Amino acid sequence: MRIEKAKRIEQLPPYLFAEIDRKKEEMRKKGIDLIDLGIGDPDLPTPDPIIERLNRASQDPKNHHYPSYEGMIEFRTAVARWFERRFGVLLDPKTEVLTLIGSKEGIAHIPLAFVNPGDYVLIPSPGYPVYRVATLFAGGIPYVMPLLKENGFLPKLSEIPGEIAERSKLLFINYPNNPTSAIAERPFFEEVVAFAKKYEVIVCHDAAYSELAFDGYRPLSFLEIEGGKEVGIEFHSLSKTFNMTGWRIGFAVGHPDIVSGLGKVKTNIDSGLFQAIQEAGMEALQRYDTPIPNLIKIYEGRRDVVVKGLREVGLEVEVPKATFYLWIRVPRGYTSAQFATLLMEQAGLVVTPGNGFGEAGEGYFRIALTVDESRLKQAIERLKKVNF
Ligand SMILES: *Cc1c(COP(=O)(O)O)cnc(C)c1O
């Protein structure tokens, strides 16, 4: 029998890191010491009190059953209280908060709730690849909003043709941004609210990095903006804030009808998140004034070492105000892929070529600061010896 995959799988965009992955494997086999700056996954461990809470909660038989679909009311209440403390936004835990199995899960499922085949979904490029794929899985048509340096890596909503905007159901935005590390301020979000109202588009704000910001900067929630909750949903994650990527816990907050639409999809696909993990999530949200102690200082130190080193070798990079990424222009004469290959071959440095995040990422590469400072210093020493 011939196993034929569905068109939705066949139509997936090509996997652009295949060549890098192959080369990485080849060099590892040769015993070459690679410094991997490609991974958007914190290297530091989850704080002990969160782990201890999981340990206790996992032994409680009441947690051994199917959890509720929408999440424990205790977790959702902890989210609402955290949201009020952090952003000054009041949320009804019963109708405006939904537990997610990681925020990626919610992002991937939301088009199934609101997008009919042939509807447009507005997605940023470069961007987190899930926005595009989730759109395609729902039969929607991605419409790309390029994020350009001259616009501060914010989409220009006024350049979206009216007939596309009219036929769009969702608008994905993500600030602080992966991969560009750009941030958005209030006037941009206000423009988004006005656009959403005019065209009746649901705003999906991915706030995975809301707590990873530097030099005292505190990112906004989209729900703090007047009218934001009337048009939007915001995705939050415990992954980057509390070094919990492996635990799979996040949440969505926003307009009750948008939240319930996503909840409807989830009810029919998954059966909720292990309650012991939700208890651990409560511990995190209640115990820590996010960010967790020292985390920001550590990333700031790493950021400063790498930015200085990059500038010394003549690479163009801005000092990010948030996220643990650096978004760096490739030198003249190279494509993103060519330069990433050069760094791997000449210096054993693994970076992510920008075109992997969409066409508008061409001409850039991304470094993740998820490696300790001494190793980053070593990476810079190696970089200084590369000929480009
Ligand atoms: C890491 C990341 C997420 C997903 O995080 P989860 O672990 O699924 O909660 C979502 N969006 C962006 C932009 C990310 O970088």
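None of the values given here were measured: they were computed from a predicted structure. First listed ligand is number 1; within each ligand, the first listed atom is number 1.
Between F172 and Y131, the two ring planes are parallel [angle under 30°; tilted spans 30° to 60°].
Put simply, part of N174 is less than 4.0 Å from ligand 1, judged by heavy atoms. Under a 4.0 Å heavy-atom criterion, E105 is not in contact with ligand 1.
Protein heavy atom closest to atom 13 (C) of ligand 1, with residue, atom name and distance, is D206 OD2, 3.3 Å. For atom 5 (O) of ligand 1, the nearest non-hydrogen atom of the protein is S103 OG, 3.3 Å.
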List the steps, then state whether salt bridge (Lys or Arg N to Asp or Glu O under 4.0 Å) holds for K266 with E105.
-> CA-CA 9 Å; K266 285 175 55 57; E105 180 262 302; 2.8 Å; yes
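Residue R248 has at least one heavy-atom neighbour below 4.0 Å for each of these atoms of ligand 1: 6 (P), 7 (O), 8 (O). Near G102, the atoms of ligand 1 lying under 4.0 angstrom from a non-hydrogen atom of the residue are 8 (O), 9 (O). Of all the atoms in ligand 1, the ones that sit under 4.0 Å from a non-hydrogen atom of S239 are 6 (P), 7 (O), 9 (O). Near Y209, meaning under 4.0 Å from one of its heavy atoms, ligand 1 places the atoms 1 (C), 13 (C), 14 (C), 15 (O).
In terms of polar-atom proximity, T245 is not counted as a contact of ligand 1, lacking any N or O under 3.5 Å from an N or O of the ligand. Remark: ligand 1 and K240 share an N or O pair separated by less than 3.5 Å (distance only, no angle test). No N or O atom of Y128 sits closer than 3.5 Å to an N or O atom of ligand 1. Not one N or O of Y131 is nearer than 3.5 Å to an N or O of ligand 1, by distance alone.
When all heavy atoms of Y175 and A182 are compared, the closest pair comes out as CD2-O, 3.6 Å.
With ring centers used as reference points, W82 lies under 6.0 Å from F87.
No cation-pi contact links R167 to Y120, judged by a cut-off of 6.0 Å to the six-membered ring centre and 45° from its axis.
When each of Y209, Y325, F214 is checked for a side-chain contact (heavy atoms from CB on, under 4.5 Å) with P176, only Y209 meets the rule.
No chain of hydrophobic side-chain contacts below 4.5 Å, direct or via other Ile, Leu, Val, Met, Phe, Trp or Tyr residues, connects I183 to W327.
In this structure, the separation between CG on L147 and CG on N177 is 6.0 Å, given to the nearest 0.5 Å.
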